[in-house]
Amino acid sequence: MVVSPSFKTTSLFKQMMAEYHERGVAAKEKGIPVAWVTATFPVEIIYAAGLFPYYPENFGARIAAKKVADRISAAAEEKGYFPDLCAYARCGIGNAFSVERPVGEVLKPDVVFCSNAQCGSLQKWFEAAGRYYQVPFFLIDTPLIENTPTTLIKRYIVEQLHELLDFLELYTGNTFNFSRLAEVISLSNEACRLWNEILNMAALKPAPFGYFDACYHLAPIVAWRGTKWAVDYYKELKKELEERLDNNVYVISDERYKLYFDHIPVWPRLRWFSNLLMERKALAVASQYTHSWAWRFDLNRPLESLVKNYTEVFINRGYEYRLQQKIILMKEFKVDGFILFSNRSCKPKALGLYDKYQIISDRTGLPGVIFEADMSDERYFDEEYIKKLFAEFFDRLEHNSN
């Protein structure tokens with residue numbers, strides 16, 4: 001088995017991430033408000049209003065990847081925040097209270113924007129941040145969409161976007177620029193298109209790109225969506241992947257199995273899981289998580305289009321819808337098996353996962369495995385337990401393929 005070399009784009013990613021943080025610091029110095037936003041907040045509106053968007057969730061993932069989430073979380077827990085809370089929230093809160101900052105200090109917000117389409121934990125975290133930093137807090141409330149979004153739900157959220165525009169005009173003292181919004185949405189469209197094309201390369205066999213690569217290269221589509229930065233970055237990444245295909249460079253040259261990996265990875269064990277699968281010539285190729293930003297926007301109906309993309313995210317949908325979306329991805333990428341991660345930090349995503357495991361097995365006939373851990377905090381990672389589960393899974397996978 002020949003494992004592909006590191007991506008050249010990785011050095012560009014590190015450079016751009018450093019510049020992104022520097023831009024935030026520079027914005028502060030110039031008097032440009034730094035706005036905290038959640039991953040499913042319509043950031044295009046924030047860019048169009050001239051604010052600098054900042055994603056504390058990304059900061060939490062960086063802390064986790066550096067394997068220090070347990071230490072940063074402890075600072076929040078010492079202040080009375082429960083260890084059962086989302087690790088991203090504990091890392092963000094812990095950073096505020098901690099004297100130890102191994103990945104730097106989170107950019108302090110001037111205003112906080114949140115959508116509860118992901119979960120209630122984010123709302124409470126951002127509420128607490130608003131109080132701690134003594135800055136305004138704005139919430140977009142998104143009702144759960146069980147099946148198809150109703151006209152009432154769409155109207156309810158569009159009205160909230162109009163309230164957001166009113167708030168921004170009052171906060172900045174400037175009339176909202178809809179022409180600028182169209183430019184930003186156009187850039188989001190282009191970045192999302194490129195991201196989707198990159199993800200689809202994992203369907204090739206052997207593939208030049210997989211789910212764990214996508215997790216690494218995910219940050220630009222989240223943090224820079226709506227900017228030329230994101231478009232330029234994904235153009236470079238796609239170009240490199242096309243060169244790899246031309247030169248027969250793959251993640252696993254003798255790839256045998258394609259696997260579906262459900263949701264957020266265990267960030268401090270990203271390489272560990274990748275190696276665990278590669279030892280069996282298996283490549284994780286798709287996930288609802290990495291596909292969450294493969295959006296399309298309608299420039300003719302900007303606010304309605306933003307509502308559609310940001311409120312109809314899979315985690316804000318009903319049980320059967322989410323189940324079907326997993327199975328659709330499994331079929332599209334022609335996987336041989338599936339991995340479900342019961343993430344103690346993400347209760348909405350972990351809810352009902354054992355039932356989903358059984359239903360997916362029954363409907364697809366595919367072998368699967370489900371394991372429990374935390375996406376950030378290694379105090380809840382049992383290496384031997386997971387190795388044993390995966391050994392049994394690969395035995396079933398082998399049997400199923402013969």
Side-chain angles (χ1 to χ4, degrees), residues 16 19-20 22-55 107 109-115 117 135-142 149 153-197 219-236 292-313:
M16 291 176 74
E19 289 179 13
Y20 168 70
E22 289 170 6
R23 285 189 178 194
V25 173
K28 278 272 190 185
E29 293 173 350
K30 294 176 183 177
I32 298 171
V34 169
W36 274 21
V37 289
T38 54
T40 59
F41 192 90
V43 69
E44 289 79 7
I45 291 177
I46 305 305
Y47 273 120
L51 281 63
F52 183 86
Y54 184 79
Y55 291 82
L107 278 178
D110 297 297
V111 59
V112 175
F113 296 101
C114 177
S115 164
V135 298
F137 166 75
F138 189 99
L139 172 72
I140 291 180
D141 177 48
T142 53
I153 288 177
K154 292 178 183 178
R155 187 187 308 148
Y156 172 61
I157 302 171
V158 168
E159 287 176 357
Q160 290 184 73
L161 292 192
H162 282 290
E163 290 176 5
L164 173 61
L165 299 182
D166 291 342
F167 170 81
L168 286 167
E169 288 187 340
L170 182 64
Y171 181 78
T172 63
N174 299 318
T175 301
F176 187 78
N177 189 336
F178 278 92
S179 296
R180 174 60 181 149
L181 178 62
E183 294 172 5
V184 174
I185 290 178
S186 181
L187 289 167
S188 284
N189 259 343
E190 181 66 4
C192 289
R193 180 187 66 79
L194 289 164
W195 179 239
N196 198 46
E197 290 174 359
I221 200 63
V222 179
W224 308 333
R225 189 179 60 260
T227 70
K228 193 172 181 295
W229 261 30
V231 173
D232 290 345
Y233 181 80
Y234 287 121
K235 281 182 178 177
E236 286 300 312
S292 293
W293 288 271
W295 292 329
R296 291 183 180 88
F297 298 93
D298 184 353
L299 290 174
N300 295 318
R301 303 173 69 249
L303 296 186
E304 291 80 0
S305 181
L306 289 170
V307 167
K308 177 176 175 56
N309 283 290
Y310 284 103
T311 61
E312 296 179 27
V313 290

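Computed from heavy atoms alone, side chains included, the values below leave out hydrogens, waters and symmetry copies.
- The line from CG of Asp110 to CZ of Phe52 is 11.5 Å long, rounded to the nearest 0.5 Å.
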*Does the side chain to side chain contact (heavy atoms under 4.5 Å, CB included) test come out yes or no for Phe138 and Tyr171, once each step is laid out?*
CA-CA 11 Å; Phe138 189 99; Tyr171 181 78; over 6 Å; no
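- The aromatic rings of Trp293 and Trp295 sit tilted, their planes meeting at an angle between 30° and 60°.
- The heavy-atom pair separating Leu51 from Pro53 by the smallest distance is O-CD, 3.4 Å.
- Note on Arg155 versus Glu159: no salt bridge recorded, every NZ/NE/NH1/NH2 to OD/OE distance being 4.0 Å or above.
- For the pair Ala48 and Asn177, the tightest heavy-atom approach, listed with the atom from each and the gap, is CB-O, 4.2 Å.
- Separation of atoms CD (Glu44) and CG (Asn189) is listed at 9.0 Å; rounding is to 0.5 Å.
- Residues Asp298 and Ser305 share a closest heavy-atom pair of N-OG, 2.7 Å.
- A heavy-atom distance below 4.5 Å is not found between the side chains of Pro220 and Met16.
- Taking the six-membered ring where the residue is Trp, Phe113 and Phe167 present perpendicular rings, their angle passing 60° and hence far from 30°.
- Separating the CG atom in Leu187 from the CD atom in Glu190 is a distance of 8.5 Å, to the nearest 0.5 Å.
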*Check the pair Glu183, Tyr47 against side-chain hydrogen bond (donor to acceptor under 3.5 Å, both in side chains), reporting the backbone distance first and the verdict last.*
CA-CA 10 Å; Glu183 294 172 5; Tyr47 273 120; over 6 Å; no
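- Other residues, nucleotides and ligands contribute over 12 non-hydrogen atoms within 6.0 Å of the NZ atom of Lys28.
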_Quick one, Tyr310 with Thr38, criterion side chain to side chain contact (heavy atoms under 4.5 Å, CB included). Give me CA distance, side-chain angles, the key distance, then yes/no._
CA-CA 11 Å; Tyr310 284 103; Thr38 54; over 6 Å; no
_Chi angles and distances behind the salt bridge (charged side-chain N to carboxylate O under 4.0 Å, His left out) call for Glu19, Arg23_ = CA-CA 6 Å; Glu19 289 179 13; Arg23 285 189 178 194; 5.1 Å; no
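- Annotation for Ile185 and Pro302: closest pair CD1-CB, 3.8 Å, computed over non-hydrogen atoms.
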*Check against side chain to side chain contact (heavy atoms under 4.5 Å, CB included), Thr142 and Gln160*: CA-CA 10 Å; Thr142 53; Gln160 290 184 73; 5.9 Å; no
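- Between Trp224 and Tyr233, the ring planes are perpendicular. Angles over 60° get that label, and only those under 30° would be called parallel.
- Arg225 and Ser188 make their closest contact through CG-OG, 3.4 Å (heavy atoms, listed as atom of the first residue, atom of the second, distance).
- Side-chain N or O atoms of Tyr234 include one that pairs as donor or acceptor with a backbone N or O of Ile221 at under 3.5 Å.
- Taking CG of Leu164 as the start and CZ of Phe41 as the end, the distance is 4.5 Å to the nearest 0.5 Å.
- Of all the heavy atoms in Ile32 and Gly50, the pair that sits closest is CG2-O, 3.4 Å.
- At least one side-chain heavy atom of Phe176 sits under 4.5 Å from a side-chain heavy atom of Ile45.
- The main-chain N or O of Val222 is found under 3.5 Å from a side-chain atom of Tyr55 such that the two form a donor-acceptor pair.
- Separating the CD atom in Glu163 from the CD1 atom in Ile140 is a distance of 9.5 Å, to the nearest 0.5 Å.
- The main-chain N or O of Leu107 is found under 3.5 Å from a side-chain atom of Trp36 such that the two form a donor-acceptor pair.
- To the nearest 0.5 Å, atom NZ of residue Lys308 and atom CD1 of residue Ile157 are 12.0 Å apart.
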